[in-house]
Amino acid sequence: MGTRPRSARAGRSGVVLIVVVVGAAIIRAGRLLAAQRAEPAHLAGGWELPGGKVDAGESETDALIRECYEELGVKVRPGARIGGDWPLGGGDDVLRVWTAEIVEGEPRALEHLALRWLGPSELYEVSWLPGDLPVIDLLHDHLR
């Protein structure tokens, strides 16, 4: 798939943009950082990997770095891509996930209700949002 943040499909207007959402699997000392959504209302309280939408003209890894700074107040270094594309919200949007290492700062819940570090035995103690859940099984192997 390349690193283009959006791809096109033919639609009624000729082009439909597929929104790419990036997620950061921040792993430290065998634990994964989970973030509890504050909004929108239908997602509030659910748990997710930090991240967000790729802006037009932005690379996916640059979006990952930006989103982690905006949401957590930390600078990260993207690592390996985890899996492929996961559909989000029943539409054409997709989630793409990378491991990420914190290189500066300590995570703070700037846009989330809470943050939690989860070890392998704790991964399913939170209510993951449906779009993030398929990734969690793959991440289990990275928490050793």
Side-chain angles (χ1 to χ4, degrees), residues 1-103 107 109-144:
M1 282 207 95
T3 59
R4 292 182 50 199
R6 299 171 189 263
S7 59
R9 289 189 186 160
R12 191 173 84 98
S13 63
V15 174
V16 174
L17 293 179
I18 297 172
V19 175
V20 175
V21 176
V22 292
I26 300 173
I27 298 169
R28 181 166 62 186
R31 300 172 74 79
L32 175 68
L33 184 65
Q36 189 178 33
R37 289 287 300 244
E39 55 184 35
H42 70 283
L43 298 176
W47 291 81
E48 67 178 358
L49 298 173
K53 294 177 183 172
V54 178
D55 290 338
E58 184 177 43
S59 76
E60 293 172 7
T61 53
D62 285 346
L64 191 77
I65 293 165
R66 175 184 52 77
E67 288 285 349
C68 287
Y69 187 75
E70 290 174 0
E71 293 184 2
L72 306 171
V74 297
K75 292 185 180 176
V76 298
R77 177 182 306 119
R81 174 99 182 263
I82 303 294
D85 290 356
W86 286 278
L88 289 176
D92 291 327
D93 300 350
V94 296
L95 172 65
R96 296 178 181 162
V97 175
W98 281 261
T99 60
E101 174 188 2
I102 296 173
V103 294
L110 301 176
E111 297 183 3
H112 290 90
L113 295 174
L115 301 176
R116 188 168 165 196
W117 290 100
L118 302 170
S121 65
E122 304 165 304
L123 279 181
Y124 299 98
E125 289 181 5
V126 300
S127 296
W128 290 100
L129 292 173
D132 288 64
L133 191 55
V135 184
I136 302 309
D137 289 330
L138 291 177
L139 289 172
H140 187 270
D141 293 338
H142 292 270
L143 302 182
R144 297 176 190 192

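Owing to the predicted nature of the structure, the values given are computational and were not obtained by experimental measurement.
Y69 is linked by a side-chain hydrogen bond (donor to acceptor under 3.5 Å, both in side chains) to nothing, counting only residues two or more places apart in sequence or in another chain. Partners of L110 according to the side-chain contact (heavy atoms from CB on, under 4.5 Å) rule, which considers only residues two or more places apart in sequence or in another chain, are R108.
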Contacts table for residues 45-52: side-chain donor-acceptor under 3.5 angstrom, sequence neighbours left out:
{"unit_1": "E48", "atom_1": "OE1", "unit_2": "R37", "atom_2": "NH1", "d": "3.2"}
{"unit_1": "E48", "atom_1": "OE2", "unit_2": "H112", "atom_2": "NE2", "d": "2.8"}

What donor-acceptor contacts under 3.5 angstrom involve side-chain atoms of residues 21-35, with partners at least two apart or in another chain?
{"unit_1": "R28", "atom_1": "NH1", "unit_2": "E106", "atom_2": "OE1", "d": "3.3"}
{"unit_1": "R28", "atom_1": "NH2", "unit_2": "E106", "atom_2": "OE2", "d": "2.8"}
{"unit_1": "R31", "atom_1": "NH1", "unit_2": "E122", "atom_2": "OE1", "d": "3.2"}
{"unit_1": "R31", "atom_1": "NH2", "unit_2": "W117", "atom_2": "O", "d": "2.9"}
{"unit_1": "R31", "atom_1": "NH2", "unit_2": "E122", "atom_2": "OE1", "d": "3.0"}

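In this structure the side chain of I102 reaches within 4.5 angstrom of the side chain of P107, judged on heavy atoms. At a threshold of 4.5 Å between non-hydrogen side-chain atoms, the residues V103 and V76 do not count as touching.
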Evaluate the criterion side-chain contact (heavy atoms from CB on, under 4.5 Å) for residue pair L123 and L143; output intermediate values, then yes/no.
CA-CA 10 Å; L123 279 181; L143 302 182; 3.7 Å; yes

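Going from atom CH2 of W86 over to atom CG of L95 covers 7.0 Å, rounded to the nearest 0.5 Å. Note that the CZ atom of R96 and the CG atom of L88 stand 11.0 Å from one another [nearest 0.5 Å]. To the nearest 0.5 Å, atoms CD1 (I65) and OG (S59) are separated by 7.0 Å. The structure places CG of L129 at 10.0 Å from CD1 of I136, a figure rounded to the nearest 0.5 Å.
Between the side chain of E58 and the main chain of D55, a donor-acceptor pair closer than 3.5 Å is present.
Within the structure, every pair that satisfies the salt bridge (charged side-chain N to carboxylate O under 4.0 Å, His left out) test and touches residues 109-118, not counting sequence neighbours, is listed here: R116-E125.
Listed here is the closest heavy atom pair of A109 and L115: N-CD1, 3.6 Å. Of all the heavy atoms in A38 and L113, the pair that sits closest is CA-CG, 3.7 Å.
Between D93 and K53 no salt bridge is recorded (no basic side-chain N to carboxylate O distance below 4.0 Å).
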